[in-house]
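First comes the structure, then the notes that go with it.
What you are looking at is a predicted structure, and each value in this text was computed from that prediction instead of being measured. FYI, side chains are in, hydrogens and waters are out, and symmetry mates aren't considered; it's all heavy atoms of this structure. Letters A, B, ... are given to chains in the order of the sequence lines, protein chains preceding strands, and every chain is numbered from 1.
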Amino acid sequence: MLKTLTLETPAGDALVDITQQVKDAVAESGVESGLCAIIVPHTTAGITLNSALDQATASDIVAELRRLVPTRVDFAHQYDTPADAAAHIKASLIGNSITLAVAGGELCIGWSQFVMFYEFDGPRSREAQVKIIAG
Amino acid sequence: MLKTLTLETPAGDALVDITQQVKDAVAESGVESGLCAIIVPHTTAGITLNSALDQATASDIVAELRRLVPTRVDFAHQYDTPADAAAHIKASLIGNSITLAVAGGELCIGWSQFVMFYEFDGPRSREAQVKIIAG
Amino acid sequence: MLKTLTLETPAGDALVDITQQVKDAVAESGVESGLCAIIVPHTTAGITLNSALDQATASDIVAELRRLVPTRVDFAHQYDTPADAAAHIKASLIGNSITLAVAGGELCIGWSQFVMFYEFDGPRSREAQVKIIAG
């Protein structure tokens with residue numbers, strides 16, 4: 001099953017928790033055992049697993065990525081804003097796909113892991129693909 | 001189907017667009033619905049999705065990775081060149097595999113996304129694996 | 001087949017070679033052709049492919065990641081140690097899953113590639129999931 005999730009992201013860089021939507025897609029698929037790939041079809045957003053138990057972890061990740069890849073005016077890419085140019089770089093650092101296991105009809109992630117859609121240049125209307133196959 | 005693509009990379013760090021070869025592999029597989037993993041079997045190269053609509057995005061990514069992981073002479077790894085030592089680090093930051101969905105017999109990527117082979121220590125003769133399974 | 005590997009990691013940041021355990025899981029699965037996803041269900045650890053032919057490459061990667069994301073006391077995340085807060089960020093930079101091909105009953109990785117469990121906040125008792133499907 002290929003399910004396309006839709007979401008609205010806040011301004012700037014932000015981690016948006018989509019764990020429940022991904023778990024719902026796994027349940028909807030009826031797959032008992034298999035793989036679940038989560039894919040971001042945008043060039044200024046990424047996908048990662050991390051803690052959402054408190055907001056501080058997401059704040060640290062966002063702040064550190066902004067420090068590592070500062071938004072500035074001297075990028076070669078001048079078509080969009082400097083934030084957009086920085087966002088393309090962050091997207092390649094974080095990555096656009098993750099692959100997880102499905103067992104017992106459920107998504108196998110750690111107890112402190114959440115599936116986080118990482119927007120680098122919001123606010124935007126975004127999609128995330130959830131592809132589940134049996135095996 | 002497992003298809004091995006071959007490519008020649010330019011000197012230094014470079015993003016090489018292999019989107020068409022990956023799409024051709026998906027078409028050749030005859031798979032209507034499934035997963036497509038793209039894997040780099042080298043330790044000084046990676047794989048990423050990003051824009052290839054203009055060359056400026058790739059230039060920014062390459063320049064920023066060079067700034068983040070400067071090629072220098074004080075790496076512990078001294079067997080090869082300093083560029084090779086830096087390349088190993090960049091490979092782990094960018095990653096060696098991505099997993100995409102196949103639907104309607106086509107690779108599901110965003111309209112501004114391209115599959116980019118990321119060479120960190122060219123020029124080299126390289127391979128990329130494209131593995132497609134139905135499901 | 002879903003196989004859960006267990007491992008003990010050393011103090012601090014470290015790359016632990018789990019290639020043989022992953023290869024053993026592929027052999028145990030009996031899958032001739034398919035996909036093998038390797039997944040880390042922890043938020044302060046990641047997974048990467050890199051060289052383990054000498055220890056210097058791992059030393060460079062660990063040192064560079066510590067330089068890029070310095071352990072310090074001003075993180076927003078104050079629940080655990082500063083090393084734990086830095087570890088969450090490194091986990092998202094390196095990533096939690098990789099997907100490889102299986103062909104001829106064997107894991108398809110490059111001759112200089114090894115599957116490395118990347119601990120950012122050891123020592124810990126850890127797990128890595130190996131999910132293999134035929135196709």
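- The main-chain N or O of A/H88 is found under 3.5 Å from a side-chain atom of B/N50 such that the two form a donor-acceptor pair.
- Distance CG/A/L93 to NZ/B/K90: 12.0 Å, rounded to 0.5 Å.
- A/E127 contributes atom CD, which lies 11.0 Å from atom SG of B/C108 (distance to the nearest 0.5 angstrom).
- More than 12 non-hydrogen atoms from other residues, nucleotides or ligands lie less than 6.0 angstrom from CD of B/E28.
- Residues A/I39 and B/T99 are not in side-chain contact: their nearest non-hydrogen atoms beyond the backbone lie 4.5 Å or more apart.
- Highest contact tally toward chain B, considering only A/S92, A/A86, A/S97, is held by A/S92 [criterion: heavy-atom pairs under 4.5 Å].
- Counting only heavy atoms from C-beta outward, the side chains of A/K131 and B/L35 approach each other to under 4.5 Å.
- Contacts with chain A were tallied for B/I61, B/L100, B/T57, B/I98; B/T57 has the most, counting heavy-atom pairs under 4.5 Å.
- Pairing each heavy atom of B/R67 with each of A/P70, the nearest pair is NH2-CD, 3.5 Å.
- The local environment of CD in A/Q78 is crowded, with over 12 non-hydrogen atoms from other residues, nucleotides or ligands closer than 6.0 Å.
- Ranking B/S59, B/A101, B/A63 against chain A, the residue ahead of the rest is B/A101, based on heavy-atom pairs under 4.5 Å.
- Partner B/L49 forms a side chain to side chain contact (heavy atoms under 4.5 Å, CB included) with one of A/V40, A/T43, A/N96 and no other, that one being A/N96.
- Rounded to the nearest 0.5 angstrom, A/Q129 CD and B/I109 CD1 are separated by 9.5 Å.
- A side-chain donor-acceptor contact under 3.5 Å links B/D60 to the backbone of A/H77.
- Of the atoms belonging to A/A37, it is side-chain heavy atoms, and not backbone ones, that fall under 4.5 Å from chain B.
- In plain terms, the two heavy atoms of B/E64 and A/R72 that are nearest each other are OE1-NH2, 2.5 Å.
- With chain B as partner, the option from A/I132, A/T44, A/I89 having the largest number of non-hydrogen pairs under 4.5 angstrom is A/I89.
- For B/I133, the part sitting under 4.5 Å from any heavy atom of chain A is the side chain, from C-beta outward, and nothing else.
- Counting heavy atoms from C-beta outward, A/L2 and B/S33 have side chains that stay 4.5 Å or more apart.
- No more than 12 heavy-atom neighbours from other residues, nucleotides or ligands sit within 6.0 angstrom of CZ on B/R66.
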